[in-house]
Amino acid sequence: MRHLTILLLAVFLGKQTIAQHSFPVKDISIRWQTVQNDYQNKPQSLNAIILTNNSSVEFPGTGWKMYFNSARLIVPAAVSGNASFHLINGDLFSLTPSPKFPPLKPRASVRIEFIAEEPVVNITDGPEGFYLVWDDKPEQGFSTGSFSIDPFKPGYKGLVTAAVIYEQNKLVQDIPMDKLIKIFPTPVNYQEMDGFFTLTAAVNLVSDERFTKEKSALQHELDLLLTKTTTVEKSDNIISLVFKEGLPDEAYELEVKPAGITISASGSTGIFYGIQSLKTLLPPEVWSKMQKSIRVPAVLVKDEPRFGYRAFMLDVGRNFQPKKEVFRVLDVMALFKLNVFHFHLTEDEGWRLEIDSLPELTAVGAHRGHTLDSKHFLPPSHGSGPDTSKIPGSGFYSRADFIEILRYANDRHIIVLPEIETPGHARAAIKAMNARYAKFMQEGNKEEAERYLLYDLNDQSKYSSNQYWNDNIMDPSLPSTYRFIQTVINDIVDIYHEAGVPLKSIHFGGDEVPDHVWEKSPAWLTFKANHPEVNSTSDLWYYFYGRVNQMVKAKGLYLSGWEEMGLRKTRLDGKYIYLPNPDFEPEHLQTDVWNNTLGGGNEDLAYKLANGGYKVVLTCVTHLYFDMAHYKSFEEPGYYWGAFTDIDKPFSFIPFDYFKNSNVDKDGLPLNRNIFNGKQRLTDYGKTNIVGLQSAVWGENIKTPERLEYMLLPNLLGFAERAWAKDPEWATTSDTARSNILYSEAWSSFLNVVGKRTLPMLDYYRGGYNYRVPKPGLALEEGKWAANIQFPGMLLRYTTDGKEPDSKSLPYKDPVPANGEKLQCRVFDRRGRGGAVAGE
């Protein structure tokens, strides 16, 4: 009888398992709902996840867990009592049903309420990437079905509504098209002349032999623009690319006359930039289709950049971007004369560059999927889900891909700066080298197994990074760490050599190493005993970058890194502070300084380093981080921990005195300017150490090429203007009233150029860019709904029938009477793409 009972139980459990595994997990839909901010009068939020069974069979209440990602910490016990949450590592959480979780009949739903440890500001604050794992099949994850976000109307301070946007847009003057400067970014000297040059396919293109490559590139552009007749004879109209001695390397002169066009420069880079100016000089509508002829306005231009280092940083470590999209980024960078592509290739969540000497880096480190041990690939992050084959969680550039990218950039006079994160943000590399270790140990080759290990296997140190990882820091006390770095350097140098392009520097990260790392590492204790000059783990940091610097210098390169690389940790009045490290100042290290968060205490960090002798690239989070949300609104995507960043932020940036017109804090609220009291100002010597400017898009929220372009553009235009154009008078005058007037005029002119010339060009250039179409302003004035737009020249349409406006809706011309009908407005580009809707 006992055996029969066991047999029947086994049969029952087997049927239950089969039933579970056959359940269509894709039929579970999930909604995230923000219930209340400042819940229990604390800086936290009450949220809900609503699970709905859309299948025709019952979903069991036990026997499974769900996993998901969240940038916000979550209180373990669900308020609703029917589930519990557990932080696995990084941003990966599990959700386990409690005994109160009911089986879900078909079409039934269950609500799980939980507390997140910060208020909700926008859609980026929610959970994402849900998938289910059956308890008896823990090695496989199954993605759930549709995920949606319920609308939420927060009541926090600084909320940007359509009415607020309306007031902002009222300050923008509509300037006639013929009054606008027709080249972008604004040239140093620009003069319009009488007449036009008529450009046809028969134009005769001649060039100094130094500029053969630029001539070919220009011919390619003309072939895309101009229709050729059956027989094309070269005309007397000429475009000449001329060598002119004595101009700076990036300077050019452009002269357009009715009889011809001349671009003059001392080098190929100047000629290339002259060609880009010629392209932006063309009427923007010519890019929409091929033309029989194009009338080019006669101008005389003499131009050169303000800063020699004009960079854009793209993070593909956290979320991968395809090679095709990298090309599109390089194209738009080149058009607006940016010359450094800072390629952030590695992160905790991914290693994206094939290194032939260490194939595990991409075999393991370039893939994400369901795993709890990271032995064969990395866990899901940023909503990437359980499938290891899906972009953007998984993906890498082969050696051939990377060489193609390098050459593509070089042809556009862009230097690619590769970044390999060390010693922090290195989990992908660490886990890849662990997999290598396991492979060689299984083969009985201990020496080879340990050759590239990046952390001591017996390290019991407890720490948590800013992104909640507890195992993502390389150990600088291991000789194998330096062997690894040397191998990566060697391979990168070899790749650039094969590509035939210049490599001037390698960026080795250096940011966000948390407290308490290495403290219980046996390797550190051994190292300390043999190196009496290294007294603490803080000193180990300096030792590490000293070694890395020597490796880089041995290859004829200079070392780049984030600001922490150039800082020394010390105490003042019992508190830790950071000062420029005098030991590295003679080494001419280049530091990218991001941390000037207003109210964070390090507002002057960039100026301290520059005044202290370090070469500084201003990468200020307050103005130049384009992954930040454009403004404070629930539906506007992006992080906001450092600032809100619309196009006004990069445009208004004053590199040599960014204190001057910083007027809102990181939350978008009026700034208490007392925070600048006692802060270092930039000295004349310090100004000589400001190498240039850099904008950045970090990848946590960038899942698609479309989202990348939404965050990047048109903000990049404000950056390009500030990096290239001369120092504006509104930034240098000490007369505040005059500065405000001059800024208002410059701001209106810039927005008109962007709306009437630059964005219409980008609608079609290189197939068209998916830039952010702004939300319109909307306000009730004297019984009528009045609407306006940020960029004059864009198309504004509206409806009153309750439907969202589309590209065929009525064009808005005058205020609409408020007759009780629901008015909705929306801005459109030339292709009919609409932005966010503003409604009453």
Side-chain angles (χ1 to χ4, degrees), residues 122-123 151 153-154 158-175 177 629-638 644-649 651 668 706 709-711 713-715 717-718 744 747-760 762-763 769-840:
N122 65 27
I123 57 175
K153 292 187 176 181
L159 181 67
V160 175
T161 64
V164 172
I165 296 171
Y166 181 80
E167 292 301 316
Q168 294 172 346
N169 292 346
K170 280 174 67 175
L171 303 176
V172 181
Q173 301 299 312
D174 193 343
I175 301 173
M177 188 83 154
H630 285 78
Y631 49 68
K632 188 182 284 190
S633 175
F634 181 71
E635 69 269 14
E636 195 64 46
F644 291 93
T645 308
D646 203 355
I647 193 171
D648 63 308
K649 288 293 189 68
F651 178 81
E706 291 76 17
E709 292 178 13
Y710 177 97
M711 303 305 288
L713 296 165
N715 280 3
L717 306 181
S744 180
W747 177 234
S748 285
S749 178
F750 171 73
L751 293 181
N752 275 266
V753 168
V754 170
K756 295 178 179 179
R757 296 193 58 85
T758 313
L759 293 183
L762 291 180
D763 279 333
Y769 283 84
N770 297 292
Y771 59 82
R772 177 181 179 269
V773 178
K775 187 175 183 177
L778 183 64
L780 185 63
E781 293 185 336
E782 299 179 354
K784 295 181 179 181
W785 288 107
N788 56 21
I789 53 179
Q790 184 178 34
F791 300 114
M794 298 197 78
L795 307 175
L796 180 58
R797 299 182 181 275
Y798 76 99
T799 59
T800 57
D801 60 3
K803 297 180 180 179
E804 287 191 354
D806 59 26
S807 60
K808 297 180 181 179
S809 298
L810 290 173
Y812 175 89
K813 295 180 180 179
D814 299 300
V816 178
N819 295 325
E821 299 171 321
K822 183 178 181 181
L823 182 104
Q824 296 186 88
C825 291
R826 195 177 186 190
V827 180
F828 292 85
D829 70 6
R830 298 300 196 280
R831 291 169 289 172
R833 288 190 316 119
V837 175
E840 57 177 284

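Keep in mind that the numbers below use all heavy atoms, side chains included, and drop hydrogens, waters and symmetry copies. The chain is numbered in sequence order, starting from 1.
- Proximity of Trp747 to Ile647: side-chain heavy atoms (C-beta onward) are separated by under 4.5 Å at one or more points.
- Contact detail for Asn169 and Gly777: the closest heavy-atom pair is ND2-N, 3.8 Å.
- Separating the CZ atom in Arg772 from the CG atom in Asp829 is a distance of 13.5 Å, to the nearest 0.5 Å.
- With a 4.5 Å cut-off on side-chain heavy atoms, Tyr771 and Asp763 count as touching.
- Contact annotation: the side chain of Val172 never approaches that of Asn788 to less than 4.5 Å [non-hydrogen atoms, C-beta and beyond].
- Contact detail for Phe828 and Pro805: the closest heavy-atom pair is CZ-O, 3.5 Å.
- Contact of the Gln824 side chain with the Lys803 side chain is not registered, since no non-hydrogen atoms from C-beta on lie closer than 4.5 Å.
- Between Leu159 and Val164 the shortest heavy-atom distance is O-CG2, 4.0 Å.
- Using a 4.5 Å heavy-atom threshold, the side chains of Ile175 and Ser749 count as touching.
- Counting only heavy atoms from C-beta outward, the side chains of Leu778 and Pro776 never approach each other to under 4.5 Å.
- Between Ile789 atom CD1 and Arg826 atom CZ the span is 15.0 Å, to the nearest 0.5 Å.
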- Message: Run Ser809 and Asp806 through side chain to side chain donor-acceptor pair (under 3.5 Å) and show every step you take.
- Response: CA-CA 5 Å; Ser809 298; Asp806 59 26; 3.2 Å; yes

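- Atoms CG and NZ, from Asn122 and Lys632 in turn, are 10.5 Å apart once rounded to the nearest 0.5 Å.
- By the ring pair (Phe, Tyr, Trp, His ring centres under 6.0 Å) test, Tyr166 is found to be paired with no residue, residues two or more places apart in sequence or in another chain being considered.
- Residues satisfying the ring pair (Phe, Tyr, Trp, His ring centres under 6.0 Å) test with Phe644, not counting sequence neighbours, are Tyr640.
- Gln173 CD to Leu751 CG: the interatomic distance, rounded to the nearest 0.5 Å, is 11.0 Å.
- Under the 30°/60° scheme for interplanar angles, the aromatic rings of Tyr798 and Tyr812 are found to stand perpendicular.
- Considering OG1 of Thr800 and CG of Leu810, their distance stands at 7.5 Å, rounded to 0.5 Å.
- Within the 4.5 Å cutoff, the side chain of Gln790 has heavy atoms near those of the Asp646 side chain.
- Taking every heavy atom of both residues into account, Leu823 and Cys825 meet most closely at CD2-SG, 3.8 Å.
- Here CG of Asn715 is found 10.0 Å from OH of Tyr710. Values are rounded to the nearest 0.5 Å.
- Using a cut-off of 4.0 Å between Lys/Arg side-chain N and Asp/Glu carboxylate O, Glu636 and Lys775 are scored as not salt-bridged.
- Residue pairs that meet the salt bridge (Lys or Arg N to Asp or Glu O under 4.0 Å) test with at least one member in residues 778-797, sequence neighbours left out, are Lys170-Glu781.
- Between Leu759 and Pro714, some side-chain heavy-atom pair lies under the 4.5 Å cut-off.
- Arg831 and Leu762 make their closest contact through NH2-O, 4.4 Å (heavy atoms, listed as atom of the first residue, atom of the second, distance).
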